Asker: 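The structure under discussion is supplied below as structure tokens; questions concerning it will follow.
Only a predicted model underlies this, so the values are computations on that prediction, with no experimental measurement involved. Below, chain A is the first sequence line, B the second, and so on; all start at residue 1. Hydrogens, waters and symmetry mates play no part in the numbers below; they use all other heavy atoms, side chains included.
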2 protein chains.
Amino acid sequence: MESAPVKASCPDCRLSELCLPYGLHRDEVKQLAGIVKNQQLLQTDGVLYAQGGKSLHLYAVKSGSFRSFILNADGLEQTIGFYLPGEIMGLDALQHGRFSSSCVALETSSVCELPLSRLNSLCSEIPGLQMQMMRILGKEIASDHDKILLLGHRTARERIATFLLMLSRRFSALGFSNTVFNLSMRRQDIANFLGLTIETVSRQLAELSRQGIITVKQRVIHINDLAMLTLIVEPCANQQQATA
Amino acid sequence: MESAPVKASCPDCRLSELCLPYGLHRDEVKQLAGIVKNQQLLQTDGVLYAQGGKSLHLYAVKSGSFRSFILNADGLEQTIGFYLPGEIMGLDALQHGRFSSSCVALETSSVCELPLSRLNSLCSEIPGLQMQMMRILGKEIASDHDKILLLGHRTARERIATFLLMLSRRFSALGFSNTVFNLSMRRQDIANFLGLTIETVSRQLAELSRQGIITVKQRVIHINDLAMLTLIVEPCANQQQATA
DNA sequence: CGTGACTTTGATCAACTTCAAGCTACGTGG
DNA sequence: CCACGTAGCTTGAAGTTGATCAAAGTCACG
């Protein structure tokens, strides 16, 4: 399916502008590439790291996608987020050196390993890298806040719409289509992420489909009316548009 | 009520072990204190920073408490979190240099201002400070994940119990009682934070009170049965305890 | 072609919201 | 010192949304 892991090479990686090297000079990127360990390849459901485990690395998604989740006291999962190429995983372990969540591959995927100790040293040497680390951490925090917003005060319909738009934007940033994409996660994962049941997710997707806003064919989503989907997420923008 | 802002002095601050100076050597703490700007004093509802505003500082709570929230597209608030003394605010602006949330004082409160530029430089010089920054950011992320967990799959009763326990632990860490404390936030803020309505919050508090688990007198909460409150949050711990 | 995982659809039910009214504490001015 | 007004909180009754329970449908893969 894929050859043995190759030595990572940030300067040649097409994701470098979305990933850790963003904003660094050419020679600094090379320095960074020097500490990146060989890529690790995972099959579907392969565990990248497990809650409670010791953290020695951060991980950058090289290809494929991942799902992170927390096991609560009852042993039930709460999906915390999905990771696409260029995104950094394992940040929640920076607090105590142990992962407070688990992370599994949703499909055949690969990651670049970033040893924390060497990354920390390099941050001291390269101010731009430290800046970028801060940006990435700030982004993770801001994105978690969006999730809190999503789960706090949104209807099932709004949650689904937000979820689809969120993916649309991220695929778009990766250079893929923002209207046609393939969900790598199961309905169960979506439901769990959105704080809903699979039945509700299924019904809401069916409803959006019935209204012609999207077309659903298994895991393939086709967004027919991006504007309408946006209106669902921002009801009051409706009025604003009416006056504009 | 309080005298004019005084020059911050981390080495003498009783919060230093909970705040940014944690883990630093004596002389490093002094260096840090050197960049901390004068404290800023805010009255109830005073705005520390506003969503969209440019970020030049991080803020550490010196006294009092704060509430951060996001205004969504409809103009409705979602409370993201509450901050107690020693906690760092303004981290979500690290992404783009602009605040993605607003922050207001819940009571007469004071903060220490940490200029980002000087903090960054100092991080390069003091590895321990950079470590602590990472820890603080990791903690923020982990705590946001707990909030996602809370909002995703919890009943109203479990949310209230979790909220009370969360405050109990934080007050305890500050050296205050973990069973008797004063809520600085209104019911509206609690409801909004937990993704509920004020009526539901009121009813759940009344129910817990009726069962003798807590006593509510306006904003004063008395936890009578901490173990029972914990059981509400971790239903299956019930069974585990039964076998132990 | 059959098995199992995943998904969809339908009917019923419970939890939480909404709407409405009354209560409590607190501050202000007469 | 007390009447009044207001903001915040509580309580009750009715209404919705999404969960739960149950069954059938679809797809992938051996």
Asker: Taking atom P of D:dC9 as reference, at what distance in whole Å does atom CD1 of B:Ile221 sit?
Answerer: 11 Å
Asker: Short question: side chain of B:Tyr49, backbone of B:Gly90 - any donor-acceptor pair under 3.5 Å?
Answerer: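 Flag set: sc B:Tyr49 to bb B:Gly90 pair under 3.5 Å.
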Asker: Side chains of A:Lys139 and B:His96: does their closest heavy-atom pair fall under 4.5 Å?
Answerer: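 A:Lys139 vs B:His96: side chains apart.
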Asker: To the nearest angstrom, how far is B:Gln218 atom CD from D:dA7 atom P?
Answerer: 16 Å
Asker: Is the distance from OP1 or OP2 of D:dG18 to the nearest side-chain N or O of A:Thr200 less than 4.0 Å?
Answerer: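 Checking A:Thr200 against D:dG18: no side-chain N or O falls below 4.0 Å of OP1 or OP2.
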Asker: Give the nucleotide from the list D:dG18, C:dC16, C:dT7 with an atom nearest to the side chain of A:Gln204.
Answerer: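 My answer, after comparing the listed nucleotides, is D:dG18.
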Asker: Between A:Arg219 and C:dC6, is there a side-chain N or O to OP1/OP2 distance below 4.0 Å?
Answerer: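 For A:Arg219, the contact criterion (side-chain N or O under 4.0 Å from OP1 or OP2 of C:dC6) is not met.
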Asker: Expressed in angstrom and rounded to an integer, what is the separation of B:His153 atom NE2 from D:dG18 atom P?
Answerer: 14 Å
Asker: Quick one: A:Leu151 CG to D:dT17 C1', roughly how many Å, whole number?
Answerer: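 One finds 16 Å between C1' of D:dT17 and CG of A:Leu151, rounded.
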Asker: side-chain contact (heavy atoms from CB on, under 4.5 Å) with A:Leu48: which residues, sequence neighbours excluded?
Answerer: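 side-chain contact (heavy atoms from CB on, under 4.5 Å) list for A:Leu48, sorted by chain: A:Gln40, A:Leu42, A:Tyr59, A:Phe66, A:Met89, A:Cys103, A:Val111.
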Asker: When the nearest nucleotide of DNA chain D is assigned to A:Thr155 and to B:Ser202 on a heavy-atom basis, which residue is associated with the more 5' position?
Answerer: B:Ser202
Asker: For the backbone of B:Thr179 and the side chain of B:Ser168, can you confirm whether one donor and one acceptor N or O come within less than 3.5 Å of each other?
Answerer: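 Flag not set: sc B:Ser168 to bb B:Thr179 has no pair under 3.5 Å.
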Asker: Send over the distance from B:Arg159 CZ to C:dA15 C1', rounded to a whole Å.
Answerer: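 Atom CZ in B:Arg159 sits about 11 Å away from atom C1' in C:dA15.
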Asker: Calculate the interatomic distance between A:Met185 atom CE and C:dC6 atom P; express it in whole Å.
Answerer: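 So the CE-P distance, A:Met185 to C:dC6, works out to 15 Å.
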Asker: Between A:Arg186 and C:dC6, does any side-chain N or O lie under 4.0 Å from OP1 or OP2?
Answerer: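 Affirmative; the distance criterion is met.
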Asker: Nearest to the B:Leu196 side chain among C:dT8, C:dT17, C:dA25, which nucleotide is it?
Answerer: C:dT17
Asker: Do any side-chain nitrogens or oxygens of B:Thr197 fall under 4.0 Å of OP1 or OP2 in C:dC16?
Answerer: no
Asker: Can you tell me which nucleotide in C:dT8, C:dT9, D:dG18 comes closest to the side chain of A:Ala206?
Answerer: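 From the listed options, C:dT9 comes nearest.
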Asker: Indicate, yes or no, whether a donor-acceptor pair under 3.5 Å links the base of D:dT11 to the side chain of B:Arg210.
Answerer: no
Asker: What's the closest nucleotide to the A:Arg203 side chain, out of C:dT7, C:dG10, C:dT17?
Answerer: C:dG10
Asker: Output the rounded distance in Å from CG (B:Leu194) to P (C:dA15).
Answerer: 18 Å
Asker: Any heavy-atom pair between the side chains of B:Phe181 and B:Phe176 that's under 4.5 Å?
Answerer: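 B:Phe176 does not reach B:Phe181 side chain to side chain.
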Asker: Just how far, in rounded Å, is P of C:dA14 from CZ of B:Arg154?
Answerer: 22 Å
Asker: Of all the nucleotides listed (C:dT7, C:dC19, D:dC9), which has the minimum atom distance to the side chain of B:Glu199?
Answerer: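 Side chain of B:Glu199 sits closest to C:dC19.
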